[in-house]
There are 2 protein chains.
Amino acid sequence: MADPLSRVFSALADPTRRDIVARLAVADATVNELAAPYDVTVQAVSKHLKVLEDAGLVSRSREAQRRPVHLEAEVFDLMTTWIERYRRQAEERYRRLDDVLRAMPDADPPPQEGRPS
Amino acid sequence: MADPLSRVFSALADPTRRDIVARLAVADATVNELAAPYDVTVQAVSKHLKVLEDAGLVSRSREAQRRPVHLEAEVFDLMTTWIERYRRQAEERYRRLDDVLRAMPDADPPPQEGRPS
DNA sequence: ATCGTGTTCAACCGGACGGTTGACCACCAG
DNA sequence: CTGGTGGTCAACCGTCCGGTTGAACACGAT
């Protein structure tokens, strides 16, 4: 699974990982701090962090023997760009469809047009 | 995996599924039409559509014996809301950190502080 | 009633995933 | 150098996932 977009989406598909991101948005934290709230082993959390790191969502710097984890928020743009693109496209399509329906040449009269909001 | 957010992220973690969404943003299509470009079986695509449907990204209406697939773009908001929330939070955190650094009272001069860029 | 087309269901397979345990490495403190 | 603490690596386990094949279902056409 090479492509970055897949990695990011996949990384955020896990609730624990999303929660970790949420907490890192507040403040950097060490692996042990991050693992504390969950009832899984520290190793499991370390794995989660590796997934987040591979997705570019997180970076670990070395500070003495601790490895503080830091949220790398730029990658979010990758997703929002993708999402917005197709959301817009779909909305545009609605608009166009409405136009077509409204301009119906002589077909059966469209009652009040189907898609209000 | 009950929660909607996980389902949406997970659904979009697959490149084929993202491509399907991209194509559905342009126009509705049947399963066979959707399957044509890929070198996988129709059944596989049908499975992909089920995943997208369970995530609320897609709906299938019955029209004669065909089952046209339609993109349901509202679910995108679920993701963008989540993403924006933490992106903002992280940015806010940066801003605040900068303020603190700039207002450094008289503490020992922080060499360069750990995180430049 | 029968055929053809479009779609889905069911069973199976290999590989990835989330989790565990146990050993190991890196580093500071005595 | 000997611990102790924070973190990772490695091997293993059960489950999910994307794919296949083969059969079934739904419906229009003949």
Side-chain angles (χ1 to χ4, degrees), chain A residues 1-24 27-72, chain B residues 1-24 27-71 114:
Chain A
M1 196 227 305
D3 70 294
L5 211 37
S6 294
R7 276 200 292 262
V8 182
F9 276 122
S10 181
L12 294 181
D14 184 280
T16 302
R17 244 129 52 191
R18 280 200 307 279
D19 194 59
I20 290 178
V21 167
R23 292 168 57 206
L24 287 176
D28 293 4
T30 69
V31 177
N32 274 299
E33 291 166 359
L34 286 172
Y38 316 119
D39 59 351
V40 299
T41 61
V42 179
Q43 289 94 320
V45 173
S46 187
K47 276 193 182 181
H48 279 309
L49 288 173
K50 179 145 195 359
V51 173
L52 290 171
E53 189 174 27
D54 289 350
L57 278 162
V58 135
S59 67
R60 286 127 134 181
S61 47
R62 167 154 277 149
E63 167 194 301
Q65 67 274 62
R66 286 177 178 74
R67 317 264 341 250
V69 181
H70 176 79
L71 182 62
E72 226 56 69
Chain B
M1 196 224 307
D3 71 295
L5 212 37
S6 294
R7 277 199 293 261
V8 182
F9 277 122
S10 181
L12 294 181
D14 183 281
T16 304
R17 244 131 49 191
R18 279 200 307 277
D19 194 60
I20 290 178
V21 167
R23 292 169 56 206
L24 287 176
D28 293 3
T30 69
V31 177
N32 274 301
E33 291 166 358
L34 287 172
Y38 316 119
D39 59 349
V40 300
T41 60
V42 179
Q43 290 94 318
V45 174
S46 186
K47 275 192 182 181
H48 280 308
L49 288 173
K50 180 145 192 3
V51 173
L52 291 171
E53 188 174 27
D54 290 350
L57 279 163
V58 134
S59 67
R60 286 127 135 180
S61 48
R62 170 152 274 147
E63 168 195 297
Q65 67 273 66
R66 287 175 179 75
R67 317 264 339 251
V69 181
H70 176 79
L71 182 62

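Residue numbers begin at 1 in each chain, while the letters A, B, ... track the order of the sequences.
In terms of phosphate contacts, B:Asn32 brings no side-chain nitrogen or oxygen within less than 4.0 Å of OP1 or OP2 of C:dT5. The shortest distance between the side-chain N/O atoms of A:Arg66 and the OP1/OP2 oxygens of D:dT5 is not below 4.0 Å. For D:dC27, neither phosphate oxygen OP1 nor OP2 lies less than 4.0 angstrom from any side-chain nitrogen or oxygen of B:Arg67.
The minimum heavy-atom distance linking A:Arg23 with A:Glu33 is given by the pair NH2-O, 3.1 Å.
Counting to the nearest Å, the P atom of D:dC16 and the CG atom of A:Asp14 are 14 Å from each other. A straight line from CZ of B:Arg17 to P of D:dC16 spans 15 Å, rounded to a whole angstrom. Separating the CZ atom of A:Phe9 from the C1' atom of D:dC17 is a distance of 18 Å, rounded to the nearest angstrom. Regarding B:Glu53, its CD atom lies at a distance of 13 Å from the C1' atom of C:dT7, rounded to whole Å.
One distance of note links CZ of A:Arg17 with CG of A:Leu12; it measures 8.0 Å at 0.5 Å rounding.
The stretch residues 37-51 of chain B touches DNA chain C through B:Gln43, B:Ser46, B:Lys47, each having a heavy atom within less than 4.0 Å of the strand.
B:Val69 has its side chain out of reach of B:Leu52: every pair of non-hydrogen atoms, C-beta onward, lies at least 4.5 Å apart.
With hydrogens and angles disregarded, a donor-acceptor distance shorter than 3.5 Å links the side chain of B:Ser6 to the backbone of A:Ala13. Distance alone, capped at 3.5 Å, places no donor-acceptor pair between the A:Arg67 side chain and the A:Val31 backbone.
Both A:Arg62 and A:Thr16 sit near DNA chain C, but only A:Thr16 has its closest nucleotide nearer the 5' end.
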Please lay out, stage by stage, how A:Asp19 and A:Thr16 fare under the test side-chain hydrogen bond (donor to acceptor under 3.5 Å, both in side chains). CA-CA 5 Å; A:Asp19 194 59; A:Thr16 302; over 6 Å; no
